[in-house]
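Notes to accompany the following structure.
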Amino acid sequence: MAENYPLVEQREYTRAGKRGGFLSRRVSRTDDELPTVAAHHVRVFRVGEEYVEDHGQLRSDDRTVVDASSVTVVDRRVEKPVVVETSIPSGEVGDFTVRTTFYCTVVDACAVVRDGVTDVEALLLGHLRSVPGFTEDGSDRPIVDSLAVRDRIDARLTAYQEMRPAVLSGMRVRHGAVEVLTPAELAEALAKEEESRRVLDWTREREEREQEANLRRALLETELEIRREELRNMSAVSRERNRQEEERLRNRYQRDEDAVQQEHELERQRARNRATRAELIDDLQIVGTDPSAADFLAMRSGDISSDDLAQRLDGRRRADHEAALQRLSVDREDERWKLERDDRRYELTRADRREDAIEERRAELRRWEAEREDELRSRQEARADAERRRCDDREWAGEVLKAKTALTKEAFARGLFDGVASGPGEFINGVSEVTVKPQSDGDALPGQEEASGELEGAARTSASGARARRTAAADLDDDDLDLGGTDSEASLGH
């Protein structure tokens, strides 16, 4: 079918946009998106899973039109004829061509669109081929008995239509006229045989007429030949002689003429070749590699027209302009790339310098922190060493004081200060005034040297006192010794 039936037109919709003025903007579609419908057409809009039938009343801003995803125009003509052709085998070589007309009417446009009934001919052909016994109706009939086959098929389709009508979604189908046509191959063969028969009859009649004419012509020619033979016999010798002489002269003249003509043609060809070479050399020197000059030369020679020349020149100018623009664009791109490369290199250099500076500051900070920690550690160690030296000095002073105290007690106990002119008070005062000064280089402290000197002096004094007591004891008796109240003991109280 040349026209689309039953679906005349189908359109797919995208999301509708907002249209109108600033204050009256609303979602709608354009008027061009709504297909026009004839009097016997309807529009079917698909909105989600629903199909809405429209008889041309919905506007472009209607909610159904805005929300629709597609629209289809359906033909609702009543009893629309649809012709279906198929072939069935015959009892001879060849097939019958069965042409059946169905009358279709759309009763539910939404069902037609929903089920996608686009090719009605294919559906009806499938229905026609599914009729039981349809393809065997002509298998027992000769090819010329098309009327009987047509009546048989018409009866079968009518009965089948009554029992099981053709079912198409949303359509009512009624069986119509049936035609059984002679196949094109058989018709062509019959036409060829008829043409051959006519040609054979015409050829036979022509041959008979030619035979009669030839017979009459032969009789006349026989009579003429007898008379001509006599003349030929008389002029044969003279004609042969003349012919031989003429042939000899013609051959000699022809040879001379051919030689002259050949020489003339060769000379013309040489001159033409020289002129062509000279012209080519001149054209090459003048034109060179200039395509515009070559085009002008071709126009002058008539190979191209002035319009072709103008088009070529215009195209060449455009090509040169585009090439110049392309080169300019490439140069700009190269310059931009160089600038971007320099900027990138500068940024990377700055980043590297910044990282180096940060790393140097970090290293300086770590070095400063290490020096600070070393200084703090040195101070703590010096403070600890000083504290230990003070503790050691205090301990040593305490030991020296204890030693002096013990020696003093021992000296008093033994009476070593009895013969001393200064008396024990000075020694006791010296014991109470013992002070120790620490040394930083690890040498002996002054208190230690003083204590050791005092200890040695005390030892010597005690030794001399002991010797004096032994001598006095030897000289005096025990009764003469008075260890009670002496001046030394009195002085110890002070």
Side-chain angles (χ1 to χ4, degrees), residues 1-10 40-42 44 46 51 53 70 72-193:
M1 292 174 61
E3 58 180 349
N4 297 326
Y5 182 80
L7 303 183
V8 179
E9 184 181 358
Q10 288 181 309
H40 55 278
H41 291 168
V42 294
V44 177
R46 179 179 179 180
Y51 293 85
E53 184 175 342
S70 64
T72 306
V73 179
V74 183
D75 190 348
R76 296 197 63 177
R77 281 180 289 182
V78 178
E79 299 290 331
K80 168 69 174 136
V82 178
V83 179
V84 179
E85 290 187 1
T86 185
S87 299
I88 61 174
S90 64
E92 299 176 350
V93 177
D95 295 334
F96 290 108
T97 300
V98 180
R99 179 181 296 171
T100 307
T101 303
F102 292 91
Y103 297 96
C104 303
T105 303
V106 175
V107 296
D108 189 354
C110 295
V112 172
V113 175
R114 182 181 60 250
D115 297 337
V117 182
T118 57
D119 193 352
V120 179
E121 290 185 7
L123 297 175
L124 293 176
L125 179 59
H127 169 72
L128 190 63
R129 301 291 294 184
S130 65
V131 176
F134 173 76
T135 57
E136 291 83 8
D137 283 341
S139 60
D140 59 343
R141 292 290 183 175
I143 197 67
V144 296
D145 198 2
S146 60
L147 296 177
V149 175
R150 183 194 64 186
D151 296 338
R152 182 183 296 178
I153 291 175
D154 188 23
R156 183 180 295 277
L157 292 179
T158 302
Y160 190 76
Q161 180 73 21
E162 294 294 334
M163 293 185 298
R164 185 178 297 175
V167 178
L168 296 180
S169 296
M171 298 183 66
R172 183 177 66 249
V173 180
R174 182 177 64 83
H175 166 66
V178 177
E179 299 179 46
V180 178
L181 306 177
T182 303
E185 295 82 2
L186 181 59
E188 185 178 357
L190 293 176
K192 288 182 179 180
E193 291 180 359

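Because the structure is a prediction, the values reported are computed rather than measured.
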Before giving the answer on side chain to side chain contact (heavy atoms under 4.5 Å, CB included), spell out for L128 and F102 the whole-Å C-alpha distance, their side-chain angles and the decisive distance to 0.1 Å.
CA-CA 10 Å; L128 190 63; F102 292 91; 4.2 Å; yes
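- In terms of heavy-atom proximity, V117 sits nearest to S169 at CG2-O, 3.8 Å.
- For Y5 against R77, the heavy-atom pair with the smallest separation is OH-O, 4.2 Å.
- Proximity of L168 to L124: side-chain heavy atoms (C-beta onward) are separated by under 4.5 Å at one or more points.
- Using a 4.5 Å cut-off on side-chain heavy atoms (C-beta onward), V74 and L7 make contact.
- Looking at heavy atoms from C-beta onward, R129 lies in side-chain contact with L125 at the 4.5 angstrom threshold.
- Using a 4.5 Å cut-off on side-chain heavy atoms (C-beta onward), T105 and Y103 make no contact.
- The closest side-chain heavy-atom distance from H41 to D75 is below 4.5 Å.
- Note that CG of N4 and CG of D119 are 10.0 Å apart. Values are rounded to the nearest 0.5 Å.
- Between P6 and the choices V73, T72, V112, the side-chain contact (heavy atoms from CB on, under 4.5 Å) rule is met once, by V112.
- If you take NE2 on H175 and OG1 on T101, they are separated by 9.0 Å, rounding to the nearest 0.5 Å.
- With contacts defined as side-chain heavy-atom distances shorter than 4.5 Å, the pair V113/R46 does not qualify.
- K80 has its side chain out of reach of H40: every pair of non-hydrogen atoms, C-beta onward, lies at least 4.5 Å apart.
- Put simply, CZ on R172 and CG on D108 are 12.0 Å apart, with the number rounded to the nearest 0.5 Å.
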